Structures are given as C-alpha cells and as structure tokens.
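This report concerns only the one structure given below.
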Amino acid sequence: MKIIGLLLLLATNIALAVPLTLDKYISDNPTWNSADKKSLSYITSRCGVLFSVISNNQKDKSDTQEMANTAFTDAKKFFSISSDIYKTSCINYECIKIEKKASQAREKKWSSIYKEAAKHNIKIYGEMLHGDIKSDFLACSSKVKPVI
C-alpha cells in the first residue's frame, strides 16, 4: 500500500512538472540574449507570466505584500519587453496582430501550467517556489533580469 501511495505521489510530481524549464530553453538557445530576439521575447513573456502568478498568489497575504508588489512590477516589465520585441521585429500591423495573438496564447498556456504547479507545490511542500517553478524564478531573476 505504501508503494502505491509513493508511486501516485511520484506520478503527480511528474505530471505537474514544467514541460521545459527556462534553464533548459536558455541552454538550447544560446543566442537568446543577443541575436535571437524571438527567444528573448518568449523568455521574457514566460518570466512575466511566472511573476504574475507569484504576485497573484502572494497579494492577499499580509506578510508577503512586498514580494507581491515586486513580482507585479517585474511582471509588467517582462511583458513590456516581450511586447516591444515582437512589435519592433514586425514590418507591418498585420504581423503585429499575428504575433500578439501568438503571445497571448503562449501566456494563457504558461499561466495555466504555472498556476497548477504552484497549487501542487503549496499543497505538497507548503511553498509555491519549489522545483521547476523555483528553477524558472531563479532563471528569470539571475539570467534574464540583468539582460533586460
């Protein structure tokens, strides 16, 4: 019986893992911070989503208001950078509309992934920043923020 419970916990952890961590994406796209504007837009968009999820999870807790406010400010900055990148890479308005729709779809997908992973982490570990979410948070904070 204990083995079945352990297997269920392991399966849940695997199912709720982030499909591709930012560290892995960054290592697979080494020019993300220079020539590869599409990758930079993708990464800053994901960082924006992650920081929005963090902000929303912390905003109603009195002891984490400062963290929520900082995450909210950072999320706005990440989203703004991502938006500026795809707008300046387009040559016409139609391109901007297409890129905006793609960005919105990506943000919706990653918001769902991060929200579920955050709920799981809080339930299992008592904290949101654990595992892949923590890895992505650290990547956004230490690798992406200094570049933007």
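Treat the numbers as computed from the prediction; the structure is a model and nothing was measured.
The shortest side-chain heavy-atom distance between S82 and I85 does not fall under the 4.5 Å cut-off. Counting heavy atoms from C-beta outward, N92 and E94 have side chains that approach closer than 4.5 Å. Within the 4.5 Å cutoff, the side chain of Q58 has heavy atoms near those of the M128 side chain. Residues T31 and S39 form no side-chain contact, since every pair of their non-hydrogen atoms from C-beta on lies 4.5 Å or further apart. Using a 4.5 Å cut-off on side-chain heavy atoms (C-beta onward), T70 and M67 make no contact. Proximity of K24 to D28: side-chain heavy atoms (C-beta onward) are separated by under 4.5 Å at one or more points. Side-chain contact between N33 and L40: absent, with no pair of heavy atoms (C-beta onward) separated by less than 4.5 Å. For the pair F72/I54, no side-chain contact is recorded, criterion being any heavy-atom separation below 4.5 Å from C-beta on.
Under a 3.5 Å cut-off, the side chain of S135 and the backbone N or O of G131 do not form any donor-acceptor pair. Although no hydrogens or angles enter the test, the distance criterion places a donor-acceptor pair under 3.5 Å between the side chain of S142 and the main chain of L138. Judged by distance alone, with hydrogens and angles left aside, the side-chain atoms of N121 form a donor-acceptor pair with the main-chain N or O of H130 at under 3.5 Å.
In this structure, the ring pair (Phe, Tyr, Trp, His ring centres under 6.0 Å) partners of F51, at least two apart in sequence or on a different chain, are F78, F137. For Y86, there are no ring pair (Phe, Tyr, Trp, His ring centres under 6.0 Å) partners at least two apart in sequence or on another chain. For K115, there are no side-chain hydrogen bond (donor to acceptor under 3.5 Å, both in side chains) partners at least two apart in sequence or on another chain.
Using cut-offs of 30° and 60° on the angle between ring planes, the pair Y42 and Y25 is tilted.
When all heavy atoms are compared, the tightest approach of V49 to Y114 is CG1-CD1, 3.8 Å. In this structure, C90 and I96 approach most closely via the heavy-atom pair SG-N, 3.5 Å. When all heavy atoms of A75 and G48 are compared, the closest pair comes out as CB-O, 3.5 Å. Minimum heavy-atom separation, S45 to S103: OG-OG, 4.2 Å.
Within the structure, side chain to side chain donor-acceptor pair (under 3.5 Å) pairs that include any residue of residues 71-81 comprise D74-K145 (at least two apart or interchain). Screening residues 31-43 for salt bridge (charged side-chain N to carboxylate O under 4.0 Å, His left out) gives no qualifying pairs among residues at least two apart or on separate chains. The list of salt bridge (charged side-chain N to carboxylate O under 4.0 Å, His left out) pairs with a residue in residues 99-113, not counting sequence neighbours, is empty.
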- Please report the C-alpha distance between I26 and K143 in whole Å, then the side-chain angles of each, then the deciding distance to 0.1 Å, and finally whether the side chain to side chain contact (heavy atoms under 4.5 Å, CB included) criterion is met. CA-CA 9 Å; I26 286 169; K143 294 178 182 176; 4.2 Å; yes
